[in-house]
Amino acid sequence: MGSIQEEYLVYFFEPKARYSKYIWWSWNYTPRFTHCGSLNYNPDKKLWNHIQFTHAGIRIEILDEDQASELLAQLHGFEILICPVQDDWQIIRIKELSCVSFTMRLIGFYKWWIVTPYQLYCALIKAGYKSFWKNRDNHGKKTKNT
């Protein structure tokens, strides 16, 4: 059975300072790449789904256009990639459950060696995924050459 979702926007960012006290345990800390999550758009309902795995569990928020614009404004300056869903079928996936592994499962992208958000970002770029911000102005609107 395939997925009805065709693509996600996968974002990478560093949460506000109140979370920085937990970063000390990370063996491979990369500034601006301490967490990842995803957004997808439902054109029939004109709503956005904000999906992320946190230390408190899986969080799913339904956002209207204004809320989605506010979230994208907060993420401006961080990396966002457009990720079409793939069927990357594996017999065994031995992996911890983190924001990285959750996002990889969501978009159907699997590499056993990816542990950190920065490693995921680099692997997606290497696999040919494109930036959401490319060909957009500072307000998220498409530019003329798009």
Side-chain angles (χ1 to χ4, degrees), residues 3-43 45-88 90 93-146:
S3 172
I4 59 170
Q5 183 63 39
E6 295 180 9
E7 70 182 17
Y8 287 88
L9 298 179
V10 174
Y11 62 83
F12 302 88
F13 81 113
E14 186 166 9
K16 294 180 182 177
R18 68 180 180 192
Y19 299 110
S20 63
K21 65 183 176 184
Y22 300 110
I23 293 175
W24 64 269
W25 62 267
S26 178
W27 58 273
N28 194 5
Y29 170 73
T30 304
R32 298 173 25 88
F33 288 91
T34 58
H35 182 65
C36 60
S38 62
L39 291 162
N40 67 29
Y41 183 67
N42 182 333
K45 304 288 184 192
K46 295 186 169 80
L47 294 172
W48 289 82
N49 297 312
H50 180 207
I51 305 167
Q52 60 179 327
F53 182 86
T54 69
H55 293 290
I58 297 170
R59 299 290 185 237
I60 300 172
E61 299 173 286
I62 298 174
L63 308 174
D64 62 25
E65 291 185 22
D66 292 335
Q67 292 168 320
S69 294
E70 185 178 322
L71 178 60
L72 288 172
Q74 291 173 2
L75 293 173
H76 193 270
F78 294 102
E79 299 298 331
I80 300 177
L81 299 178
I82 301 169
C83 299
V85 173
Q86 302 178 25
D87 289 327
D88 187 9
Q90 304 286 322
R93 290 189 187 199
I94 301 172
K95 194 79 172 150
E96 80 295 341
L97 192 56
S98 66
C99 64
V100 174
S101 60
F102 180 80
T103 301
M104 283 195 297
R105 287 182 176 143
L106 191 65
I107 64 173
F109 184 86
Y110 180 72
K111 303 291 183 215
W112 67 269
W113 49 267
I114 296 175
V115 178
T116 68
Y118 186 67
Q119 288 173 326
L120 177 57
Y121 172 76
C122 291
L124 291 173
I125 291 293
K126 187 175 181 180
Y129 291 78
K130 301 297 181 201
S131 174
F132 173 74
W133 297 124
K134 187 178 180 183
N135 295 326
R136 294 184 180 268
D137 66 12
N138 290 338
H139 302 291
K141 296 178 183 168
K142 290 184 178 180
T143 57
K144 293 179 184 176
N145 64 349
T146 303

Are any of the side-chain heavy atoms of [X] and [Y] separated by less than 4.5 Å?
X	Y	value
Phe132	Leu72	yes
Ile51	Phe102	yes
Phe53	Thr103	no
Leu9	Asn40	no
Tyr41	Lys46	yes
Val10	Tyr129	no
Ile107	Ser38	no

Fill in: Residues Leu39, Leu63; criterion side chain to side chain contact (heavy atoms under 4.5 Å, CB included); working and verdict
CA-CA 10 Å; Leu39 291 162; Leu63 308 174; 4.3 Å; yes
Worksheet entry | Phe12 to Pro117 - nearest heavy-atom pair and separation |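 For Phe12 and Pro117, the tightest heavy-atom pair comes out as CE2-O, 3.3 Å.
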Discussion item. If I compare all heavy atoms of Leu120 with all of Cys36, which pair ends up nearest, and what's the gap?
Written reply: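 Looks like CD2-SG, 4.3 Å.
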Distance check, rounded to the nearest 0.5 Å: [X] atom [atom1] versus [Y] atom [atom2]?
X	Y	atom1	atom2	result
Leu75	Glu70	CG	CD	11.0 Å
Tyr121	Ser131	OH	OG	6.5 Å
Cys83	Met104	SG	CE	12.0 Å
Leu81	Trp133	CG	CH2	11.5 Å
Ile125	Lys130	CD1	NZ	8.0 Å
Cys122	Glu79	SG	CD	10.0 Å

Practice prompt. Show your reasoning for whether side chain to side chain contact (heavy atoms under 4.5 Å, CB included) applies to Gln119 and Phe33.
Written response: CA-CA 9 Å; Gln119 288 173 326; Phe33 288 91; over 6 Å; no
Worksheet item: Can you say whether the rings of Phe78 and Phe13 are parallel (under 30°), tilted (30 to 60°) or perpendicular (over 60°)?
Response: perpendicular
Fill in: Validation row, ring centre Tyr11 to ring centre His50 under 6.0 Å
yes
Discussion item. Could you go through Asp64 and Leu47, starting from their C-alpha distance and side-chain angles, then the distance that decides it, and tell me whether this counts as side chain to side chain contact (heavy atoms under 4.5 Å, CB included)?
Written reply: CA-CA 5 Å; Asp64 62 25; Leu47 294 172; 4.3 Å; yes
